[in-house]
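Here is the structure we will look at, set down as structure tokens.
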Amino acid sequence: MIDLPANWQEQIQNIDWSKVKEAVKDYGPALRVIQQTWSQETLLEISQGKLFVPDDVINEALAKRIPAEGKVKAVTIRSHANGRMDIATDTTAKVGRIELSGEIKEFVHEGDRSYMVYRVRERNLPSQGLMSWIFSRISLSMAERMFGHIEISDDLPLEIHGNTVKIDYSKVLADSDFGQTEYQGHRLIDMIEIKDACPKEGGIEFQTKLNIPDDVKDALVRLVKGKAAE
């Protein structure tokens with residue numbers, strides 16, 4: 001595995017994903033998954049090591065993961081410049097509204113390890129079952145910009161130690177289209193790492209790294225050059 005060279009960012013800017021469909025046939029399903037998962041701008045930011053995802057994007061993904069029938073009616077996040085991430089959950093009248101404020105201590109994806117650690121600074125934690133329900137959807141919605149759609153699971157491994165919550169989404173990511181796709185023996189989920197996530201005003205900044213094997217990089221470079229020549 002190697003890191004992308006500096007001029008790769010310039011090459012990414014030449015990609016026109018709207019014209020990729022025919023060319024992708026020459027490189028197999030892996031590039032089709034990449035094209036469906038990453039926009040040109042997202043891939044460029046990931047290659048630069050920092051991907052900013054607005055709260056509105058995460059909240060839109062969260063809204064799609066809320067069933068029409070259920071005790072939870074809405075889950076939204078709000079990020080702040082001081083590193084806090086607020087979580088608001090609207091439930092049925094019996095439970096009421098749950099508001100949490102805390103910090104993302106870790107947000108990691110590396111190989112087969114994919115998890116989030118959140119520390120609550122204000123409010124008491126709700127029941128473990130509801131915590132699992134809420135944080136499974138938050139973690140997957142945060143990861144969606146980098147890995148595409150991931151099917152929801154209500155039984156993600158959850159650990160609670162005091163006011164610290166750890167949710168492990170590695171299995172559902174491995175079972176997703178992105179997790180199941182390989183290119184010449186290389187898993188796509190091994191080509192991207194997430195080292196951390198830091199709330200900023202209006203969104204979350206992910207620290208990322210691309211690890212691209214030579215043969216995969218060469219195929220992408222050929223694709224980029226082909227588009228630039230059109």
Side-chain angles (χ1 to χ4, degrees), residues 36-37 39 42 51-109 114-179 194 197-206:
Q36 292 171 348
T37 303
S39 67
T42 298
L51 174 67
F52 184 79
V53 181
D55 289 343
D56 289 347
V57 172
I58 297 174
N59 287 331
E60 182 179 349
L62 275 167
K64 294 177 180 178
R65 298 181 186 277
I66 308 286
E69 300 294 333
K71 294 181 179 180
V72 177
K73 301 303 180 183
V75 178
T76 57
I77 67 162
R78 183 180 179 187
S79 305
H80 301 278
N82 64 359
R84 289 286 189 96
M85 184 179 79
D86 298 339
I87 302 170
T89 305
D90 292 321
T91 69
T92 55
K94 181 179 179 180
V95 180
R97 182 178 175 88
I98 300 170
E99 295 182 342
L100 302 173
S101 181
E103 303 156 343
I104 301 173
K105 303 300 291 184
E106 296 181 76
F107 195 99
V108 173
H109 166 69
S114 308
Y115 64 89
M116 180 178 79
V117 177
Y118 181 85
R119 183 175 181 181
V120 178
R121 292 292 188 178
E122 297 178 13
R123 308 290 182 179
N124 293 324
L125 298 180
S127 68
Q128 181 161 334
L130 186 55
M131 288 292 287
S132 179
W133 196 98
I134 293 170
F135 279 94
S136 63
R137 282 156 177 79
I138 289 175
S139 60
L140 298 183
S141 297
M142 288 173 61
E144 191 170 81
R145 188 71 170 264
M146 287 154 283
F147 303 112
H149 181 70
I150 307 170
E151 290 294 331
I152 194 65
S153 173
D154 288 330
D155 60 352
L156 297 187
L158 179 79
E159 298 176 12
I160 300 179
H161 299 287
N163 278 358
T164 300
V165 181
K166 179 179 180 179
I167 189 109
D168 186 330
Y169 64 96
S170 56
K171 185 180 185 303
V172 291
L173 176 56
D175 291 339
S176 69
D177 287 344
F178 199 91
I194 305 174
C198 181
K200 306 284 187 179
E201 187 63 38
I204 298 176
E205 183 179 87
F206 295 86

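These values consider heavy atoms only, across backbone and side chains, with no hydrogens, waters or symmetry-generated copies.
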> In Å, rounded to the nearest 0.5 Å, how long is the span from CD1 of I194 to CE of M116?
Replying inline: 11.5 Å
> Is R84 atom CZ crowded by more than 12 heavy atoms from other residues, nucleotides or ligands, each under 6.0 Å away?
Replying inline: yes
> Ignoring hydrogens and geometry, is there a side-chain-to-backbone donor-acceptor pair from D90 to A74 under 3.5 Å?
Replying inline: no
> So do L130 and K71 actually touch side chain to side chain, heavy atoms under 4.5 Å?
Replying inline: no
> To the nearest 0.5 Å, how far apart are CH2 in W133 and CD1 in I138?
Replying inline: 9.5 Å
> Of V57, V53, I104, which meets side-chain contact (heavy atoms from CB on, under 4.5 Å) against M142?
Replying inline: I104
> Picking from I87, T164, L100, what satisfies side-chain contact (heavy atoms from CB on, under 4.5 Å) with V120?
Replying inline: L100
> Taking the side chain from T91 and the backbone from V72, do they hold a donor-acceptor pair closer than 3.5 Å?
Replying inline: no
>> For L140 versus S153, what's the shortest heavy-atom pair and its separation?
In response: CD1-N, 4.5 Å
>> Looking at I77, is its backbone amide N or carbonyl O close enough to the side chain of N59 to form a donor-acceptor pair, meaning the two atoms are under 3.5 Å apart?
In response: yes
>> Please report the interatomic distance OG(S136) to CE(M131), rounded to the nearest 0.5 Å.
In response: 11.0 Å
> Would you call R137 and I152 a side-chain contact if the rule is heavy atoms closer than 4.5 Å?
Replying inline: yes
> Atom OG in S139, atom CD1 in I58: separation rounded to 0.5 Å?
Replying inline: 11.0 Å
>> Rounded at 0.5 Å granularity, tell me how far CD1 in I150 sits from OG in S176.
In response: 5.5 Å
>> Quick check: do E103 and M85 have side-chain heavy atoms less than 4.5 Å from each other?
In response: no
>> Is any side-chain heavy atom of R145 closer than 4.5 Å to one of P54?
In response: yes
> Among all residues two or more places apart in sequence or in another chain, which pass the ring pair (Phe, Tyr, Trp, His ring centres under 6.0 Å) test with Y118?
Replying inline: F135
>> Could you go through L62 and T76, starting from their C-alpha distance and side-chain angles, then the distance that decides it, and tell me whether this counts as side-chain contact (heavy atoms from CB on, under 4.5 Å)?
In response: CA-CA 7 Å; L62 275 167; T76 57; 5.7 Å; no
> Do E151 and D175 have side-chain heavy atoms sitting under 4.5 Å apart?
Replying inline: no
> Can you tell me how far the NZ atom of K166 sits from the CD atom of E106, to the nearest 0.5 Å?
Replying inline: 7.0 Å
Report all side-chain donor-acceptor pairs from residues 199-206 shorter than 3.5 Å, counting only partners two or more places apart or in another chain.
unit_1 : atom_1 : unit_2 : atom_2 : d
E201   : OE1    : A81    : N      : 3.3

> For the residue pair Y115 and Y169, what are the closest heavy atoms and their distance?
Replying inline: N-CE2, 3.5 Å
> Going through the distances and angles, do E144 and R65 end up as a salt bridge (Lys or Arg N to Asp or Glu O under 4.0 Å)?
Replying inline: CA-CA 12 Å; E144 191 170 81; R65 298 181 186 277; 2.9 Å; yes
